[in-house]
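Here's the structure, in structure tokens; my notes come after.
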Amino acid sequence: MRVLVTGGAGFIGSQVVAALAAGGHTPVVLDALLPAAHPQAPEASHAEFVRGDVRDAETVRGALRGVDAVCHQAAMVGLGKDFADAPDYVACNALGTAVLLAAMAGAGVRRFVQAGSMVVYGEGRYECREHGLVRPGPRAVADLEAGRFEPRCPRCAAELVPGLVGEDAPADPRNVYATTKLAQEHLAAAWARSVGGTAVSLRYHNVYGPGMPRDTPYAGVASFFRSALARGEAPRVFEDGGQRRDFVHVRDVAGANAVVLAGIGDLPAGDHTAYNVGSGDPHTVGEMAAALAAEHGGPAPVVTGEFRLGDVRHVTADSSRLRRELGWLPGVGFAEGMAEFARAGQRASAGVG
């Protein structure tokens with residue numbers, strides 16, 4: 001299968017390209033090589049390369065020639081600096097996806113897999129011992145400032161027990177990035193219904209691994225910690241470090257894309273399907289920082305009590321649907337992955353400004 005991979009020169013995209021090539025597909029990379037993400041030329045790839053922005057309809061139409069499927073990884077990620085980033089997030093993520101899907105509709109390409117995100121859920125799954133399954137609202141600034149980080153039952157204010165969130169959970173995006181990732185899913189669903197295509201959104205959890213960008217506010221928490229250690233500084237852990245996440249290795253994420261593309265012909269046409277992509281082995285942010293620091297040789301993390309508005313407390317995946325329906329299995333365990341990441345190189349970043 002000839003597969004167009006948007007953002008194929010990036011952290012996750014380059015691993016997807018490698019996984020597709022290893023699986024016998026012919027990947028074609030479309031990447032704008034924006035300076036914020038690629039201050040240096042990326043390493044050479046054996047894949048065909050088209051330099052261009054996914055928002056440029058003419059470039060996208062040219063890249064789609066002869067293509068059987070699209071794997072859409074191009075996006076602006078992370079929480080960014082502040083709300084002033086909102087237009088860029090909407091332009092890159094929502095508009096870019098719309099331009100791509102419109103070009104696919106015209107080109108007759110009917111198979112689409114995109115990088116989704118667990119951020120569409122907002123907070124994860126919670127149970128109150130008295131009231132059962134509940135959905136806490138956004139955490140109040142006064143509570144965060146006072147160090148009260150755990151969400152409480154919206155009915156009785158009791159402590160809640162976090163659990164795994166499944167794909168059928170209601171969406172509740174809590175920041176601009178999350179809102180644009182949900183918009184991408186809605187666009188994919190509308191495209192599938194309109195053209196009879198098959199659309200899949202892979203809701204990545206916290207992806208980490210070699211080649212992660214460094215020193216940028218648009219990366220994930222694993223990158224922040226690894227960048228600090230590379231500078232000889234202690235990782236700064238926000239809140240109390242007890243936030244639960246599912247850290248999934250980038251090679252496993254790439255493998256999930258390859259598995260879905262191999263099985264996409266068996267999925268229903270005219271429909272959109274979401275799959276969580278997580279390791280199934282949740283850990284706290286504090287545990288992740290400690291594991292990285294220990295493997296790197298220090299310094300030890302510092303828990304600061306700081307917080308970021310828009311962050312959620314706990315969100316961890318139930319990835320059983322992808323395992324059950326398409327046979328995907330993660331292969332890199334937490335200890336093994338963190339040991340590798342602590343010693344691996346990161347890609348340079350131009351930063352911001």
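Computed from a predicted model, the values in this text were never measured in an experiment.
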For E159, I'd like to know if atom CD has over 12 heavy atoms of other residues, nucleotides or ligands within 6.0 Å. no
Do R343 and P210 have side chains that approach each other closer than 4.5 Å (heavy atoms only, starting at C-beta)? no
Is V260 reachable from I12 through a run of hydrophobic residues whose side-chain heavy atoms are each under 4.5 Å from the next? yes
Between M118 and N206 the two heavy atoms that sit nearest each other are CE-OD1, 3.2 Å
Kindly check if the number of other-residue, nucleotide or ligand heavy atoms within 6.0 Å of CD (E58) is above 12? no
Do R129 and V161 come within less than 4.5 Å of each other through their side chains, counting heavy atoms only? yes
Under the 3.5 angstrom rule, does the side chain of T198 hit a backbone N or O of I264 as a donor-acceptor pair? no
Give a yes or no on whether the ring-centroid distance for F247 and H205 is below 6.0 angstrom. no
Strictly distance-based, threshold 3.5 Å: is any side-chain N or O of R174 a donor or acceptor partner for the main-chain N or O of V119? no
Might you point out which heavy atoms bring W328 and G278 nearest each other, and give the distance in Å? CH2-O, 3.3 Å
Is a donor on one side and an acceptor on the other found under 3.5 Å between the side chain of R111 and the backbone of D68? no
Heavy atoms, side chains only, cut-off 4.5 Å: are F112 and H272 in contact? no
Between T59 and D53, is there a donor-acceptor pair closer than 3.5 Å when you use the side chain of the first and the backbone of the second? no
Decide yes or no for L20 and N257: does some side-chain heavy atom of the first lie under 4.5 Å from some side-chain heavy atom of the second? no
L326 vs D266, side chain to side chain contact (heavy atoms under 4.5 Å, CB included): CA-CA, chis, key distance, verdict: CA-CA 9 Å; L326 294 175; D266 297 325; 5.9 Å; no
Do you know which two heavy atoms are closest between A103 and R61, and how far apart they sit? CB-CG, 4.0 Å
When every non-hydrogen atom of A274 is compared with those of E185, the smallest separation belongs to CB-OE1, 4.5 Å
Which heavy-atom pair separates Q73 from A115 by the least distance, and what is that distance? OE1-CB, 3.5 Å
V5 to G13 - nearest heavy-atom pair and separation: CG1-O, 4.1 Å
Does any donor atom in the side chain of R226 or Y208 lie under 3.5 Å from an acceptor atom in the other side chain? no
Is a donor on one side and an acceptor on the other found under 3.5 Å between the side chain of S194 and the backbone of A190? no
Check for a donor-acceptor pair, side chain of R245 on one end and backbone N or O of R313 on the other, with a separation under 3.5 Å. yes
Flag the pair S279 / F334 as yes when at least one side-chain heavy-atom distance between them is below 4.5 Å, and no otherwise. no
Does one hydrophobic cluster hold both V109 and L30, with members joined at side-chain heavy-atom distances below 4.5 Å? yes
The residue among R125, E150, R244, Q243 that forms side chain to side chain donor-acceptor pair (under 3.5 Å) with H314 is E150
